[in-house]
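First up is the structure itself, then whatever we jot down about it.
Labels below follow one simple rule: chain letters A, B, ... track the order of the sequence lines, proteins then strands, and each chain is numbered from 1.
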There are 2 protein chains.
Amino acid sequence: MKRAFNVVQADLNQTLKPLGLRMVTYSALVLIVDNPGLRQSQLAAALDVERANLVVIVDELERRDLISRDRVPSDRRAYALNPTPAGRHLYERALEAVRGHEARMLNGMEEETKQVVIRAMSRIRRGSEGGSRGG
Amino acid sequence: MKRAFNVVQADLNQTLKPLGLRMVTYSALVLIVDNPGLRQSQLAAALDVERANLVVIVDELERRDLISRDRVPSDRRAYALNPTPAGRHLYERALEAVRGHEARMLNGMEEETKQVVIRAMSRIRRGSEGGSRGG
DNA sequence: TATTGTTATACTCTATAACTATA
DNA sequence: TATAGTTATAGAGTATAACAATA
């Protein structure tokens, strides 16, 4: 699993390199475009990254004018993260590139196999969320 | 996949902690016990770790008397890595602990599902080995 | 008191270059 | 000239503590 993930990560980073993105900045951009107004702490939780480490990731996206940090009037401690038009544009280009990456990684894999793998991964992930509810 | 791997790695490291092993030292020990006489460069390739970084891993196992570095008479540049009795003993204990870890991670997963996932991972790994032979 | 974002920092992993002793 | 192991070091990624502003 580690080896497979290493291969996927290496190919994904190569795929995103021409766009100036890494796996984590890509993931952050996608989440912000899909959930405009997201707060940094929510994004950190969604990415499973420490808030402290997310700061530099958001800095990077903001510096490139892909997103903006907007003060939340109702809670002046927090920032709402919103994509800029440039951010939405890069998002579209990145999604297209990642489709190619996925096709490469899953090269000719049967649809049912993909679904079985995705379900197994989700199950392993969720297995760590305490609780003992089956599923 | 990243998230699932993070969960697996965290649980595996917790599992191995009481034995004083990490994922990589466990993997190295297993490979040395299963392939006594292995050379460092071969082990580095098998683990997909730089030779330079393997040195400290082997140092750690040697310092704990789990393995020995034995000069190869036919090539005095190389070291043959062999497990000590203590290394073989810890190997057995670690294997037992890892069986529990796997049971936790795959909790109740159907045998066929496991096989499908393992095959998919192998395929993704091998997909990066150049060549264009189909599979 | 607690939380959001931030800074500083340390620790681990990983990658690269250069060295030694052999071949 | 090339290879096995080693050292030193630099760069990522990640984790923790402490702070200011705000709740």
Subject >> Min side-chain heavy-atom separation A/V116-B/E112 under 4.5 Å >> reply: no
Subject >> B/H89 side chain near B/L66 side chain, heavy-atom distance below 4.5 Å >> reply: no
Original post:
Side chains of B/Y79 and B/R39: donor-acceptor distance under 3.5 Å anywhere?
Top reply: no
Original post:
Do you see a donor-acceptor pair shorter than 3.5 Å between the side chains of B/R3 and A/S122?
Top reply: no
Roughly, in whole Å, what's the span from [atom1] in [X] to [atom2] in [N]?
X     : N      : atom1 : atom2 : result
B/D75 : C/dT22 : CG    : C1'   : 7 Å
B/R77 : C/dA21 : CZ    : P     : 14 Å
A/R76 : D/dA20 : CZ    : C1'   : 13 Å

Original post:
Counting only non-hydrogen atoms, which of residues 40-72 of chain B are less than 4.0 Å from DNA chain C?
Top reply: B/E50, B/A52, B/N53
Subject >> For DNA chain D, the residues among residues 2-23 of chain B that have a non-hydrogen atom under 4.0 Å from it >> reply: B/K2
Original post:
Is any side-chain N of the basic residue among A/R99 and A/E96 closer than 4.0 Å to the acidic one's carboxylate O?
Top reply: yes
Subject >> Of all pairs that satisfy salt bridge (charged side-chain N to carboxylate O under 4.0 Å, His left out), the ones with a partner from residues 21-38 of chain B, not counting sequence neighbours >> reply: B/R22-B/E60
Original post:
If you measure from CD1 on A/I57 to CD1 on A/I67, what distance do you get to the nearest 0.5 Å?
Top reply: 10.5 Å
Original post:
Hey, what do you get for CG (B/L54) to CD (B/Q42), rounding to the nearest 0.5 Å?
Top reply: 11.5 Å
